[in-house]
Colleague: 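So that we are looking at the same thing, I have put the structure below in structure tokens.
Chain naming here is simple, since letters A, B, ... match the order of the sequence lines and numbering starts at 1 in each.
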Amino acid sequence: MKQRLVQYIGKALQGCFDQQQLHSGVMPEIGLEVPAHTEHGDFSTNIAMAMARAEKKAPRKIAEAIVAALGDGDGMWDRIEIAGPGFINFYLTPRCWFGMLDEVYRQGELYGRTHTGAGRKVQVEFVSANPTGPLHIGHGRGAATGDAVAAVMTAAGYEVQREYYINDAGNQMLTLGRSLLLRYRELLGEAVDFPTDCYQGVYIIDLAREVLEQEGERLRNLPEDEALRFFSEYGGGKIRDGIEDDLAAFGVHFDNWYSEQSLYDRQEVERGIALLQERGLTYEKEGAIWFRTTDYGDDKDRVLVRSNGATTYFASDVAYHKEKFDRGFDTVIDVWGADHHGYVPRMKAVLAGLERNPQDLQIILVQLVNLLRDGQQVAMSTRSGEFVTLREVIDEVGRDACRFFFLMRRSDSQLDFDLELAKKQSNENPVFYVQYAHARVCSINRNAEEQGMTIPGQGQVDFDCLTLEDELMLTKLLSRYPEVVDGAAANFEPHRIVFYLQELAARFHSYYNKGRVIIDDPEVSQARLYLINCVRTVLHNALVLLGVSAPDRM
RNA sequence: GCGCCAGUAGCUCAGCUGGAUAGAGCAUGUGACUUCUAAUCACAGGGUCGAGGGUUCGAGUCCUUCCUGGCGCGCCA
């Protein structure tokens with residue numbers, strides 16, 4: 001709809017230039033928006049004002065010329081008005097709007113897909129929690145956000161891959177192994193002094209017990225390094241599997257699990273460092289190798305190789321991101337906890353060092369989650385091992401509520417997650433509100449079928465039967481859905497889908513309460529059924545993007 | 001000290017990349033179930049958009065200086 005209008009305006013502008021009505025000859029970008037107030041029409045453009053400077057002419061004069069050139073639009077609009085300082089407002093015909101319902105019907109589950117991404121390859125890397133413990137609630141928000149961003153971008157026509165980066169190299173795996181080994185010995189009755197820098201959580205003890213049951217006491221007499229290797233690998237693998245299970249329970253599935261260790265095994269880390277060295281972006285100081293990230297806006301240079309010869313986490317990140325682009329992605333998106341925001345400048349510097357546009361890497365920072373129960377904060381501390389796991393929250397409040405809550409706010413604002421509220425089956429809970437709208441349509445469908453009616457298809461209804469203001473409003477809202485998807489994709493903001501859903505559900509509930517869909521007049525009933533099933537389609541499609549189910553009854 | 005993010009109704013938050021009279025949910029108050037699901041709806045009150053200055057036809061949105069809160073500033077991962 002919007003696109004068609006933009007084309008008309010473009011044509012009119014060209015006409016004005018050709019006929020010397022306007023002189024600057026510069027085709028401006030045509031901004032078309034839905035005005036906040038319905039009195040200002042269905043669409044509004046500010047181009048006359050935007051052109052005022054170049055044309056050296058009053059905006060309203062320019063608007064008049066454009067409007068004159070627009071003609072009648074083949075019945076697309078009732079009227080066009082020039083308003084305020086020079087807005088051009090379009091009032092489209094109901095017939096034109098209701099035609100959009102056929103689009104929704106025809107495309108069905110595909111309605112809302114666009115070609116904006118033009119098949120460009122995008123990778124979304126998210127969660128990427130260390131395999132040293134189970135996922136907690138904060139990871140859940142990252143998972144919901146990353147998955148929804150990937151879904152939204154897929155809908156917008158990008159080719160998207162979901163990737164999980166496993167930090168399975170370095171000290172932490174040894175620490176995990178040591179933690180397990182010590183707990184194992186403890187279970188065998190040894191007196192163990194469990195260090196504070198080991199992982200404190202009870203899941204470590206559970207894992208150690210598992211090992212004991214499977215392997216017996218034989219590991220006790222293994223040489224230390226051999227035992228450590230066993231426990232590291234065993235623990236890392238088990239915890240990784242657990243993470244994968246938890247994510248599956250959350251409805252999140254990755255296309256690829258990428259091992260950090262594999263970068264070392266394939267000498268990618270060395271290659272990455274060498275590449276930066278060849279380009280003269282590094283130097284040696286005090287026995288360490290530094291990357292001059294300050295050249296690209298970072299506030300300090302960063303170490304790649306420590307004076308003891310060990311590479312840093314940053315070094316493998318250089319290799320990892322280099323390798324991502326080698327795999328042919330046009331855009332790479334990293335979803336990080338907001339506490340890592342200090343790493344953004346150095347990662348952007350990596351892009352510059354790789355001679356890529358820093359814009360090709362987008363970093364979504366997800367703020368921390370404040371877990372509440374009845375308004376009281378739930379204390380959490382990863383260190384002490386006292387934290388609420390994602391699995392516990394899914395089990396308690398359900399996957400739908402959990403996902404919806406995580407996506408209700410823009411990701412860079414902090415989120416209060418109240419367990420009691422998320423569980424409540426009441427009007428305080430926005431998840432059910434939206435799902436209920438979907439279930440209601442299904443319920444009406446069942447009712448209609450019981451009365452011997454069939455749900456109408458395209459061409460089987462007379463739009464002239466849709467005479468109510470609410471019916472027109474609903475239709476307009478449905479027609480905006482693809483733009484909402486585009487906007488959410490372009491800005492990496494899945495919460496826009498949530499807000500749209502709430503608005504659509506509200507409009508539908510309101511419509512439902514004002515009158516009945518099925519009335520004595522079969523033609524009107526048919527038209528209304530057609531409309532509300534378009535609503536159902538869009539509710540369903542949008543919920544799917546968020547990973548939330550669309551139930552048929554509640 | 002430096003940097004990043006935030007500050008909008010009593011509370012939690014939107015605000016479509018600078019547009020017209022700043023919105024929603026919750027909470028509060030009143031009303032609607034012999035009617036396709038009341039997990040719903042209708043109506044009402046509620047604002048110095050943290051503060052000051054600037055940019056322009058026009059600022060919640062951009063620049064700047066303060067104030068407040070969160071986070072980050074390792075040859076850790």
Colleague: How long is the line joining CG of A/D400 and P of B/A39, in whole Å?
Modeller: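 The distance from CG of A/D400 to P of B/A39 comes to 18 Å, rounded to the nearest Å.
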Colleague: Look at A/Y433 and B/C41 and indicate whether a side-chain polar atom (N or O) is within less than 4.0 Å of OP1 or OP2.
Modeller: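 Indeed, a polar side-chain atom of A/Y433 lies that close.
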Colleague: Tell me the interatomic distance from A/N513, atom CG, to B/G31, atom P, rounded to whole angstroms.
Modeller: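 Going from A/N513 (CG) to B/G31 (P), I get 18 Å.
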Colleague: For the P atoms, the ones on B/U28 and on B/C63, what distance do you get once it is rounded to whole angstrom?
Modeller: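 It works out to 41 Å between them.
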Colleague: Looking at B/A6, which nucleotide sits across from it as a Watson-Crick or G-U wobble partner, both distances under 3.5 angstrom, or is there none?
Modeller: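 Checking every strand shown, B/A6 finds its partner in B/U68, with both distances under 3.5 Å.
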Colleague: Does a side-chain N or O from A/S413 land closer than 4.0 Å to OP1 or OP2 of B/A14, or not?
Modeller: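 The answer is yes; a side-chain N or O of A/S413 sits under 4.0 Å from OP1 or OP2.
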Colleague: State whether the distance check finds a donor on one side and an acceptor on the other, under 3.5 Å, for side chain A/N46 versus base B/G19.
Modeller: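 In this structure, the two groups form a donor-acceptor pair.
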Colleague: Across all strands shown, which nucleotide pairs with B/G29 by Watson-Crick or G-U wobble geometry, both distances under 3.5 Å?
Modeller: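 Paired with B/C43.
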Colleague: Side chains of A/Q502 and A/Y433: donor-acceptor distance under 3.5 Å anywhere?
Modeller: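 No, no side-chain donor-acceptor contact under 3.5 Å.
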Colleague: Is there a donor and acceptor pair closer than 3.5 Å between the side chain of A/S307 and the base of B/C75?
Modeller: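 Per atom types, the contact qualifies.
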Colleague: If you measure from the P atom in B/C33 to the same atom in B/A22, how many Å do you get, rounded?
Modeller: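 About 36 Å, rounded to a whole number of Å.
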Colleague: Would the number of heavy atoms belonging to other residues, nucleotides or ligands and lying under 6.0 Å from NZ of A/K2 be above 12?
Modeller: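 Atom NZ in A/K2 is packed in, count exceeds 12.
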Colleague: Distance check, C1' atoms only: B/A14 and B/C57, in whole angstrom units.
Modeller: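 Rounded to whole Å, the distance is 28 Å.
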Colleague: Taking only side-chain N and O atoms of A/K285, does any of them lie within less than 4.0 angstrom of OP1 or OP2 on B/C75?
Modeller: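 A/K285 to B/C75 OP1/OP2: no side-chain N or O under 4.0 Å.
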Colleague: Of the nucleotides B/A38, B/A77, B/A20, which one has an atom closest to the side chain of A/S44?
Modeller: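 For the A/S44 side chain, the nearest candidate turns out to be B/A20.
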Colleague: Are any of A/H495's side-chain N or O atoms less than 4.0 Å away from OP1 or OP2 of B/G15?
Modeller: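 Yes.
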Colleague: OP1 or OP2 of B/C36 versus the side-chain N and O atoms of A/R553: is any pair under 4.0 Å?
Modeller: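 No, no such contact exists.
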Colleague: Do the ring planes of A/F291 and A/F314 sit parallel (below 30°), tilted (30 to 60°) or perpendicular (above 60°)?
Modeller: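 Because their plane-to-plane angle is under 30°, the rings of A/F291 and A/F314 count as parallel.
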Colleague: Nearest whole angstrom, please: distance from the P of B/G18 to the CE of A/M51.
Modeller: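 Taking atom P of B/G18 as the reference, CE of A/M51 is at 20 Å.
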Colleague: I want to check one thing: is the phosphate of B/U37, taken as OP1 and OP2, less than 4.0 Å away from some side-chain N or O of A/R446?
Modeller: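 For B/U37, neither OP1 nor OP2 has a side-chain N or O of A/R446 closer than 4.0 Å.
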Colleague: With P as the reference atom in both, quote the distance from B/A51 to B/U61 in angstrom, rounded to an integer.
Modeller: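 These two P atoms come out 11 Å apart once rounded.
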Colleague: May I ask you to evaluate whether A/Y313 reaches the phosphate of B/A77, defined as a side-chain N or O under 4.0 Å from OP1 or OP2?
Modeller: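 For A/Y313, the contact criterion (side-chain N or O under 4.0 Å from OP1 or OP2 of B/A77) is not met.
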Colleague: Under 4.0 Å between a side-chain N/O of A/R306 and OP1 or OP2 of B/G74, yes or no?
Modeller: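 Answer is no, no contact under 4.0 Å.
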